[in-house]
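Reviewing the structure listed below.
Letters go in sequence order (proteins before strands), and every chain restarts at 1.
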Amino acid sequence: MNITLWGTRGSIASPGPMTNGYGGNTSCVEVRGADGDLLILDAGTGIRALGRALTGGRKRYDILLTHLHMDHLQGLGFFGPLYNPNVEVHIWGPAGAREDLASRLGRYLSPPLFPVQLRDFRCALELHELPGPDFQIGQFSIHANLVKHPGPTLGYRIQNCGGVLAYIPDHEPILGVDRMTDDPAWLSGASVAREADLLIHDAQYSCREYPTRVGWGHSSVRHAVEFAERNQVKHLVLFHHDPAHTDEELDRLFAESLNAQPPVFPVTPGREGATFSI
Amino acid sequence: MFGSDPNVVSATKEIELILARHLGENLAMPIFLIDAAGRIIFCNETADRFWGESLQGLGALPIEEWIHGLRARDEDGKDSKLLSLLQALAEDRPSCGRFWLNASGRRCVEYAVVPLQAIGARRVGALVIFSESNAE
């Protein structure tokens with residue numbers, strides 16, 4: 001499995017010279033299976049460039065949305081294949097309590113927020129609501145489960161050829177507790193992240209920032225490391241960087257957080273364009 | 001850190017139960033968290049104090065069995081199996097009521113059942129909240 005980060009930023013896109021290093025686009029990750037199968041995780045602003053980079057006569061695209069906050073959705077209308085009548089696009093994501101996935105997506109994809117509506121896409125569009133039973137897309141086996149974040153929000157566990165990728169870009173497992181539990185039955189996200197080869201996880205805040213942002217649905221870098229430890233993850237990628245953090249500040253934040261208590265597994269700050277192989 | 005038994009982790013509770021437990025841990029009122037199968041899967045510390053015993057080791061005891069051990073009485077002093085509480089749990093609807101205990105004088109306990117139904121009409125369980133009543 002090959003993984004490419006097309007957007008690593010949280011909350012809102014933050015392009016500019018101060019963020020070029022880690023990137024200013026919001027959440028989007030490309031996952032390629034050993035056999036060429038493709039998954040796209042989230043449709044933040046990073047999906048626009050991904051759509052332009054896709055080549056070849058692919059007939060099907062699968063976009064797995066963790067949730068419908070704007071930083072995970074804003075790029076969707078700019079994903080080129082949606083306008084191609086010769087392809088199928090499958091969008092997977094969480095339903096709401098009162099509205100189905102189509103209605104919820106339509107809130108953004110409709111005037112006055114966006115000129116193009118879901119029905120205007122020329123591709124064959126199919127929507128799938130989650131969570132549900134584990135499912136298969138090509139050679140990918142996928143488990144989706146709700147995690148702690150405001151509103152219905154999914155994490156994805158993706159298996160391909162024996163490798164496991166876990167993707168939980170927005171997650172606050174420490175909310176409501178003094179410390180993360182040792183009991184996986186009671187730890188949000190454990191069924192997604194357990195013993196993953198690579199975990200891409202929310203690490204939006206510093207330890208100093210977190211106390212003033214409790215309940216906003218995000219983790220500090222230390223929380224991300226602790227969550228990965230609890231789940232015996234083999235490699236952690238820090239993701240969903242705060243838009244207010246410049247490259248320089250992120251370098252300092254990661255150094256302070258990781259040097260204080262060095263993890264026993266590799267931890268890589270996510271940079272736009274970075275690739276990983278499992 | 002977790003052990004590596006996948007069966008243990010595959011039993012990760014639904015997020016609604018995890019959130020309800022964390023709510024219960026932060027409340028000063030005694031609560032039980034019941035899963036969709038009617039088992040007591042969590043009691044908060046206030047519940048321990050309320051019932052005068054540690055309930056942490058119940059180990060997913062069916063609430064019906066726990067009620068059986070209570071020897072609860074109804075208003076007339078007759079045996080009560082708290083059928084209205086059990087029925088509310090089974091039917092996923094809110095309910096409240098009261099019962100009496102004779103073990104240490106005549107003590108009246110009120111309860112409220114708060115069903116937890118997730119998006120997509122998924123049954124995940126219920127909260128049962130207890131309180132002391134002044135009723136004779």
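The local environment of CD in B:E45 is sparse, with at most 12 non-hydrogen atoms from other residues, nucleotides or ligands closer than 6.0 Å. For B:R71, the CZ atom sits in a loose shell: 12 or fewer heavy atoms of surrounding residues, nucleotides or ligands are nearer than 6.0 Å. A:R179 CZ: more than 12 foreign heavy atoms inside a 6.0 Å radius. Atom CZ of B:R122 has more than 12 neighbouring heavy atoms from other residues, nucleotides or ligands inside a 6.0 Å radius. Crowding of A:E88 atom CD: a count of heavy atoms from other residues, nucleotides or ligands under 6.0 Å exceeding 12.
Between chain B and the residues A:P94, A:A97, A:A95, the largest count of heavy-atom pairs under 4.5 Å involves A:A97.
Applying the side chain to side chain contact (heavy atoms under 4.5 Å, CB included) test between B:I15 and each of A:P131, A:P152, A:S188 identifies A:S188 as the sole match.
Residue contact with chain A, scored on non-hydrogen atoms closer than 4.5 Å, involves the backbone and the side chain of B:I41 alike. Contact of A:V147 with chain B is made through the backbone alone, with heavy-atom distances under 4.5 Å.
The side-chain heavy atoms of B:I18 and A:K148, taken from C-beta on, include a pair separated by under 4.5 Å.
Considering OG of A:S191 and CD of B:E14, their distance stands at 10.0 Å, rounded to 0.5 Å. Here NZ of B:K13 is found 13.0 Å from CG of A:N145. Values are rounded to the nearest 0.5 Å.
Panel note: side chain B:T12, backbone A:A190; no donor-acceptor pair is recorded below 3.5 Å.
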